[in-house]
Chemist: 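Dropping a structure here in structure tokens format, bear with me for questions.
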Amino acid sequence: MGNLQNVVIALVTPLPSIFFYLSFLNHYYQNGNSSSSGLWAWCLHHPFLLANALFFVNVNILFWVIGLLQSSHWMIDPYWTVIPVLFVHYYATHPLAQYDWWRSRVVMLMTWIWSLRLSHNYFRREKWQWGVREDWRFADMRHQYGKNWWWVSFFAVYLSQQVFIIGVCLPFYAVHSVAKPWNIWDAVALAVCICGIVVAYYADTELHNFVTRNEKLKEQGMPIVPNLDKGLWRYSRHPNYFGEQLWWWGLVIFAWNLGQGWTFVGSLINSMCLAYVTILVENRMMKQEYRAEAYRLYQKTTSVWIPWYKSSSSGGKDKNT
């Protein structure tokens, strides 16, 4: 019953923003620009601010209130994979949008593929359940801030996500602001995006298989494997993060090609945040006694993000790799 309830909540929650935006489009196409005034005029002439306003009201406030009522801020995780899809369609359908048709459709298609890939990985990890648990980082902060968590969570979970998500989606705004024809740099950007999705898919699949095998070994009372160092994980400690970063920086190349290189700031902030998350994840690994020693050796011999040859524990490239 709880799972079904969370499904319904997750599907209904974004509807206020969607209905508002559709009402705006309906008003515009029925009445035209000349009759727009007040709120509708503001929505027309400030597409970026409108995107931020919708996010603030629907995600920061509504998601936050639901999280307080459920005592779990689980919903922001699955929506990390959905909101970029909503944004790419929002920027493409805004009345002031101007763009190359091929570039727009390619970016839309790739965003859908990225979203489906990441959504599949999220629900596979959660055993196809909705809202069973919240992100372990939020759970740690809930314990850390205690009775103050109810208001701290608004900033730590939601307002911060607005900076990250709006930021990494800036290339969508750029792609739908300039009608420059498709060229070779778009092909480069597409290649980087595809590489990012493929690397992240294989890395997350290898991780999922590793966790699943360990769960079975634990059920059988057998020793579990302390560390994943096969496949892509042999060459990078976080190949899934590397793939995710390739995806977002590939979108930046699309924007840079259109003279909108300033949009790199969103991906830069996201990369900096992910670097911090990497530290948190590795510290968490080191606190687990059964894997601490193996992981310490893994840190000495394996690149953090960018896949590279393994090094010997004493330094230098391992000739056996």
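For clarity, every value in this text was computed on a predicted model and none was experimentally measured.
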Chemist: Would a 4.5 Å heavy-atom cut-off, applied to side chains only, mark Pro307 and Leu232 as touching?
Modeler: no
Chemist: Strictly by modelled atom types, are Trp305 and Thr278 linked by a side-chain donor-acceptor pair under 3.5 Å?
Modeler: yes
Chemist: Less than 4.5 Å apart, side chain to side chain, heavy atoms only: is that true for Asn270 and Gln245?
Modeler: yes
Chemist: Looking at CG of Leu207 and OG1 of Thr212, how far apart are the two atoms once the value is rounded to the nearest 0.5 Å?
Modeler: 9.0 Å
Chemist: Go through the structure and list residues passing salt bridge (Lys or Arg N to Asp or Glu O under 4.0 Å) with Glu215, not counting sequence neighbours.
Modeler: Lys127
Chemist: Keeping the roles fixed (side chain from His238, backbone from Asn240), state whether a donor-acceptor pair exists under 3.5 Å.
Modeler: no
Chemist: Would you sort out whether Ile224 and Arg213 count as a side chain to side chain contact (heavy atoms under 4.5 Å, CB included), showing the intermediate values?
Modeler: CA-CA 8 Å; Ile224 62 176; Arg213 284 194 299 270; over 6 Å; no
Chemist: Enter the distance from Asn31:CG to Asn26:CG here, rounded to the nearest 0.5 Å.
Modeler: 8.5 Å
Chemist: Taking all non-hydrogen atoms of both residues into account, name the closest pair between Leu190 and Phe254 and its distance.
Modeler: N-CZ, 3.8 Å
Chemist: So Met141 and Val152, do their side chains get closer than 4.5 Å, heavy atoms only?
Modeler: no
Chemist: Mind checking ring-ring contact (aromatic ring centres under 6.0 Å, His included) for Trp101 and listing every partner two or more places apart, or none if nothing turns up?
Modeler: none
Chemist: Using 30° and 60° as the class limits, which term best fits the ring planes of Trp151 and Phe155: parallel, tilted or perpendicular?
Modeler: perpendicular
Chemist: Consider only side-chain heavy atoms of I, L, V, M, F, W and Y, link residues closer than 4.5 Å, and tell whether Tyr290 and Val225 are in one cluster.
Modeler: yes
Chemist: Are Ile269 and Ile76 connected, step by step, through hydrophobic side chains (Ile, Leu, Val, Met, Phe, Trp, Tyr) whose heavy atoms are closer than 4.5 Å?
Modeler: yes
Chemist: Answer yes if the side chains of Trp112 and His89 hold a donor-acceptor pair under 3.5 Å, and no otherwise.
Modeler: yes
Chemist: So if you build clusters from Ile, Leu, Val, Met, Phe, Trp, Tyr with side-chain heavy-atom gaps below 4.5 Å, do Ile279 and Phe138 land together?
Modeler: no
Chemist: At their closest point, which heavy atom of Lys147 faces which heavy atom of Trp150, and how far apart are they?
Modeler: O-CD1, 3.1 Å
Chemist: With rounding to the nearest 0.5 Å, note down the distance linking CE in Met75 to CD1 in Ile66.
Modeler: 4.0 Å
Chemist: Return a table of donor-acceptor pairs under 3.5 angstrom between the side chains of residues 77-87 and protein atoms on other chains or two or more places apart.
Modeler:
from	atom 1	to	atom 2	distance (Å)
Tyr79	OH	Ala10	O	2.3
Trp80	NE1	Gln161	OE1	2.5
Thr81	OG1	Pro78	O	2.7
Thr81	OG1	Ser119	OG	2.6

Chemist: Could you check whether Tyr309 and Tyr235 have their ring centres less than 6.0 Å apart?
Modeler: no
Chemist: Indicate the atoms forming the closest heavy-atom contact of Ser17 with Asn58, along with that distance.
Modeler: OG-OD1, 2.7 Å
Chemist: Please report the shortest heavy-atom distance between Ser236 and Val304, naming the atom on each side.
Modeler: OG-O, 3.3 Å
Chemist: Run the salt bridge (Lys or Arg N to Asp or Glu O under 4.0 Å) test against Asp186 and tell me which residues pass, sequence neighbours left out.
Modeler: Arg103
Chemist: Who are the ring-ring contact (aromatic ring centres under 6.0 Å, His included) partners of Trp130, not counting sequence neighbours?
Modeler: Phe123
Chemist: For Arg105, what residues pass the salt bridge (Lys or Arg N to Asp or Glu O under 4.0 Å) criterion, not counting sequence neighbours?
Modeler: none
Chemist: Report yes if the side chains of Gln162 and Asn52 come closer than 4.5 Å at any heavy-atom pair, otherwise no.
Modeler: yes
Chemist: Side chains of Cys43 and Phe20: closer than 4.5 Å at any heavy-atom pair?
Modeler: yes
Chemist: Any side-chain heavy-atom pair from Val281 and Tyr241 closer than 4.5 angstrom?
Modeler: yes
Chemist: Among side-chain atoms of His73 and Tyr158, is any donor-acceptor pair under 3.5 angstrom?
Modeler: yes
Chemist: Got a donor-acceptor contact below 3.5 angstrom from the Thr302 side chain to the Gln299 backbone?
Modeler: no
Chemist: To check you understand the geometry: which heavy-atom pair defines the closest contact between Gly250 and Ala189, and what is its length?
Modeler: O-CB, 3.4 Å
Chemist: Any sub-3.5 Å donor-acceptor pair from Asn209's side-chain atoms to Thr205's backbone N or O?
Modeler: yes
Chemist: Is it true that Phe242 and Trp233 have ring centroids separated by less than 6.0 Å?
Modeler: no
Chemist: Listed by chain and number, what are the salt bridge (Lys or Arg N to Asp or Glu O under 4.0 Å) partners of Glu134, not counting sequence neighbours?
Modeler: Arg142
Chemist: Between Trp40 and His45, is the ring centroid distance below 6.0 Å?
Modeler: no
Chemist: Any donor-acceptor pair under 3.5 Å linking the side-chain atoms of Trp128 with those of Glu126?
Modeler: no
Chemist: Quick one: do Val7 and Leu62 end up in the same hydrophobic cluster if we chain Ile, Leu, Val, Met, Phe, Trp and Tyr together by side-chain heavy atoms under 4.5 Å apart?
Modeler: yes
Chemist: When rounded to the nearest 0.5 angstrom, what is the spacing between SG in Cys193 and CG in Leu251?
Modeler: 4.5 Å
Chemist: Per the salt bridge (charged side-chain N to carboxylate O under 4.0 Å, His left out) rule, what does the pair list look like for residues 281-294, sequence neighbours excluded?
Modeler: Arg237-Glu282
Chemist: May I ask you to decide if the ring planes of Trp42 and His46 are parallel, tilted or perpendicular, using 30° and 60° as cut-offs?
Modeler: parallel
Chemist: Could you go through Gln129 and Asn6, starting from their C-alpha distance and side-chain angles, then the distance that decides it, and tell me whether this counts as side-chain hydrogen bond (donor to acceptor under 3.5 Å, both in side chains)?
Modeler: CA-CA 9 Å; Gln129 298 293 304; Asn6 287 335; over 6 Å; no
Chemist: With ring-ring contact (aromatic ring centres under 6.0 Å, His included) as the rule and sequence neighbours excluded, what pairs involving residues 164-184 come up?
Modeler: Phe48-Tyr173, Tyr91-Tyr173, Tyr99-His176
Chemist: Between Arg124 and Asp204, is there a side-chain N and carboxylate O pair less than 4.0 Å apart?
Modeler: no
Chemist: According to the ring-ring contact (aromatic ring centres under 6.0 Å, His included) rule, which pairs have a member within residues 184-224, sequence neighbours left out?
Modeler: Trp185-Trp256
Chemist: Can Ile113 be reached from Leu116 by stepping across I, L, V, M, F, W or Y side chains whose heavy atoms are under 4.5 Å apart?
Modeler: no
Chemist: Before giving the answer on side chain to side chain contact (heavy atoms under 4.5 Å, CB included), spell out for Leu217 and Asn214 the whole-Å C-alpha distance, their side-chain angles and the decisive distance to 0.1 Å.
Modeler: CA-CA 5 Å; Leu217 289 173; Asn214 265 351; 3.8 Å; yes
Chemist: Check this for me, if you would: do Lys230 and Glu206 make a salt bridge, where the nitrogen-to-carboxylate-oxygen distance has to be below 4.0 angstrom?
Modeler: no
Chemist: Trp114: which residues meet the ring-ring contact (aromatic ring centres under 6.0 Å, His included) condition with it, sequence neighbours left out?
Modeler: Trp247, Trp248
Chemist: Do Val178 and Gln260 come within less than 4.5 Å of each other through their side chains, counting heavy atoms only?
Modeler: yes
Chemist: Quick one: hydrophobic cluster around Val252, which other residues, with the 4.5 Å side-chain cut-off, linked directly or via members?
Modeler: Trp249, Phe264, Leu268, Met272
Chemist: Side chains of Val157 and Trp149, heavy atoms from C-beta outward: is any pair under 4.5 Å?
Modeler: yes
Chemist: Checking Ser153 against Trp64: is there a side-chain donor and acceptor pair closer than 3.5 Å?
Modeler: yes
Chemist: Check the pair Met108 / Ser104 against side chain to side chain contact (heavy atoms under 4.5 Å, CB included), numbers first and verdict last.
Modeler: CA-CA 6 Å; Met108 277 187 185; Ser104 172; 4.0 Å; yes
